[in-house]
Amino acid sequence: MLFKALGKIAQTFVVLFVVSVASFGLLKLAPGDPIQIMLGSEFSQASYDSLRAELGLDQPFLVQYANWAIQFVQGNWGTSYVARAEIFTYAFKEALPVTLTLASFSLLFAILVGVPLGVLSAIKKDTIFDAGSAVLALTGTAFPSFLLGILLIWFFAVKLQIFPVMGYVSPWENFWLGIYHMILPGLTLSTYFIAMITRLTRATLIEVLEQPYIAAARARGEPNWRVVWVHGVRNIAMPLVTILGLQLGVLLQGTVLTETVFNLPGVGQMLTSAVLGREYLVVQAGVMMTAVLFIGVNLLVDLSYPFLDPRLRTSK
Amino acid sequence: MKPIDHKKVLAERLSARFGRRTVLKGLGAGLLTAATTGAPSVVRAQQSGHIKIASIKVIDTLDPHFTGFLSSIQIINNIHNGLLKIVYDGKNVTFEPDLAESWDIEDEKVHVFKLREGVMFHDGTPCDAEAVKFSLLRVKEGEPKSPHAWKLELLETIEIVDPLTIKLTFSQPYAFLPVALNGSTGRAGTIVSPAAVQKYGADYGRNPVGTGPFKFVSWKENDAIELEANPDYFEPGLPKLERATFVLMNEASTALAALFSGQIDGMTDCPMQLVDQVEAFPNANLYGEIEGNYTFVGMNCKRSPFDDINLRRAVAWALDRDTLVQQAYFGRAQKAYTPISPPMTEFFDPDIATSGRGQWFDLEKAKSFRAKAANQGEIEAVYLMAERGPVGTRVAQTVAPMLAEIGIKAKLELVEPATWVKRRNASDFDLYDFEWVADLDPDETLYPEFKSDGAWNFGGWVNTDFDDLCAQAQVELDPAARSTLYNKAEDLLMDEAGIAIMAHMPIYKVFSTKVKGFQYIPADLVNLHTVSIG
């Protein structure tokens, strides 16, 4: 089991390397010149050249990549061209916590709503409740989060004025105010996941409830709630964790739109403005952070299987 | 300091030369201010209130000498002052002394500025003649080169007469000077703290230190720029606010929702498509008028097919400006006949529509020019467009069917903004649309854009008569004569259809009704000096 885990970790590093080279290269190939954008519409060739040299953009691609990679690993992410901001502080200490808060809040919310809804649908299979939750789930998956966000803003923040339109307050500094500001963006981002988790929980649980050990539990005379919530729900953990790990990409993608609509200073907004402004180093940092997050979470998912399913604990 | 004596001396000088000096008309009004407020403020302002304003456009830097964005100037202007400032009384735009207490003209090329006494930068260093010299030199010949250096190209020597007096000598009389020396669209005349520039170097734009009503506090990326009142500000009783926050946003509709719900108090820019909503909302005030700008369809005169003057003329007469105003500009803009725009009150002809000057929609005329064009077949032209500017791709989409009427098939190429800039600057297009904004003087509206080797002349239209007229106008101080020269110059541009002119746009700001005392200036400024919040 340990050997397997080490293998997975090694794989992770290879993937990270490929991601870093690819994103570094793609951005260089994209049209648009960072120096021209930095200097604005009026500049001399001399200032163009000196800036180019200062930023090391006159070096060959491989040298640029190697320099960047060595510095990056050491936590020295450089200074952004245009913003003149320390990228490590900006990306890692300021933007990342916002996105992580939003993503984890949404995910937690989605699980808290989605799992019970799915369980109820499974128990009340083929009733009006089940059909209703199916419609709700379908709507949730189909509704564009951008539009949903704007609708929520106009209804809850402008008309009813019970939630703020925008802004971010760190829950670590002011817990309740932070949560308060997270509700509308969290709801926007989690709609898709609530729907997905509901459907997944329902389908898996229906299957699980037909297993012999459930029949055995019932035969032992265990009460119905115990059969469903302990023996049944425990067994949906594995497919749920797997799907959530894989869907993390969708979640991170969703944060970009949600952050834009609700004006949260997270990684999504950072990446959007950095891509438009050709802030190479910021895009790099953002892509690497999301890649590490995505790959890291999936590694954790892989490593968590033996804990979720005792049958996997013995290595073959 | 003897403000009254000074005023007398200058008034005599002025009356002797009044006819030739009205271009500097801000002077009289400015002196009045100087006479009443000559000494640094004794009465300290009582500041209160915290205003939050959404800024939905790019802020590149808060360094006045390096920014290329008006959205940055809006904030910079609250932190810094210029030697002169722009004043608007609802009808006329004038230039008045700001950091300068007086402005004396020894002769046409020699200008003497006397500075206010006791003005300090936010870092506690004095704003004296040395600091002014430092700032002007930083623009003129600093390294890296300021994009505004051309505005001080004619400045020959800077002499410090005494610690509060500075004498500027120009190689030629320079009519553009009032614009160049103010802290707004001129940017070149904004005075920065030499100590801060030395301390922060290239990072000055993130740590600006000026003399303005507000001090810079912090700039959090994609989040907010915070300013706080400068209690030692030199204009008595100002500023009124204690704090000001510019909330950095990408999404204008979210900003509007935040304004309606009271979470923010204003927007530095209200896109034309949201104006209807603002007008229907009782608790917001809209500020905005047609500003010093013009929009146009640019044609590449350097290559086929638009190196053909008849084809360009056909385009110029084929654009239905009424439809453009309605569809592309939400009915908010004003048809343009020539580049010189309404706020340039000394140069703009209010009756231009009936004057017979410029370009307008006349399909018959367009077709007759088209019939004279070298290429009589269907012409396919690359129209470069991007989701940029005030209305994105709407202009291109409205223009394309109009061009089809005269047998030009516009191939609309949608690229991202960075690519658009690169291709425009490399003249890699047949057609594109653009706007030059926030100009207060015909010089900046015509000369750098269309002179033969001008850095912004992306269409490459060449006419040496035009160059000569603009160069003459630059050194002509009599406004009537200057106006004639510029009219001749723009008539050349319109006649040869270097561009097809479209519209003058209104630029809007919106504030909640709680916000009082905002003074609108038609140069896209958001000066918070006199603003208070109830």
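A, B, ... follow the sequence lines: proteins, then strands. Residue 1 opens every chain.
- Contact count against chain A (heavy-atom pairs under 4.5 Å) is highest for B:Asp223 among B:Asp223, B:Thr67, B:Val415.
- Within the structure, every pair that satisfies the salt bridge (charged side-chain N to carboxylate O under 4.0 Å, His left out) test and touches residues 61-74 of chain B, not counting sequence neighbours, is listed here: B:Asp63-B:Arg138.
- The two atoms that bring A:Thr260 and B:Thr254 nearest to each other are O-OG1, 4.3 Å, heavy atoms only.
- The contact between B:Leu248 and chain A is made entirely by backbone atoms, counting heavy-atom distances below 4.5 Å.
- Heavy atoms only, all atoms of each residue included: B:Ser261 and A:Val158 are closest at CB-CA, 4.2 Å.
- Nearest heavy atoms, B:Ser253 versus A:Trp154: O-CZ2, 4.4 Å.
- Residues passing the salt bridge (charged side-chain N to carboxylate O under 4.0 Å, His left out) test with B:Lys514, sequence neighbours excluded: B:Asp265.
- In this structure, A:Leu264 CG and B:Asn222 CG are separated by 10.5 Å, a value rounded to the nearest 0.5 Å.
- Chain B is approached within less than 4.5 Å, heavy atom to heavy atom, by A:Pro164, A:Val165, A:Met166 from residues 162-170 of chain A, ordered by number.
- For B:Val247, the part sitting under 4.5 Å from any heavy atom of chain A is the side chain, from C-beta outward, and nothing else.
- The two residues B:Phe260 and A:Gln161 have their closest heavy-atom pair at O-NE2, 3.7 Å.
- Of all residues in residues 173-192 of chain A, those placing a non-hydrogen atom less than 4.5 angstrom from a non-hydrogen atom of chain B are A:His181.
- The distance from the NZ atom of B:Lys220 to the OG1 atom of A:Thr89 is 11.5 Å, given to the nearest 0.5 Å.
- When heavy atoms are compared at a cutoff of 4.5 Å, A:Phe156 does not approach chain B at all.
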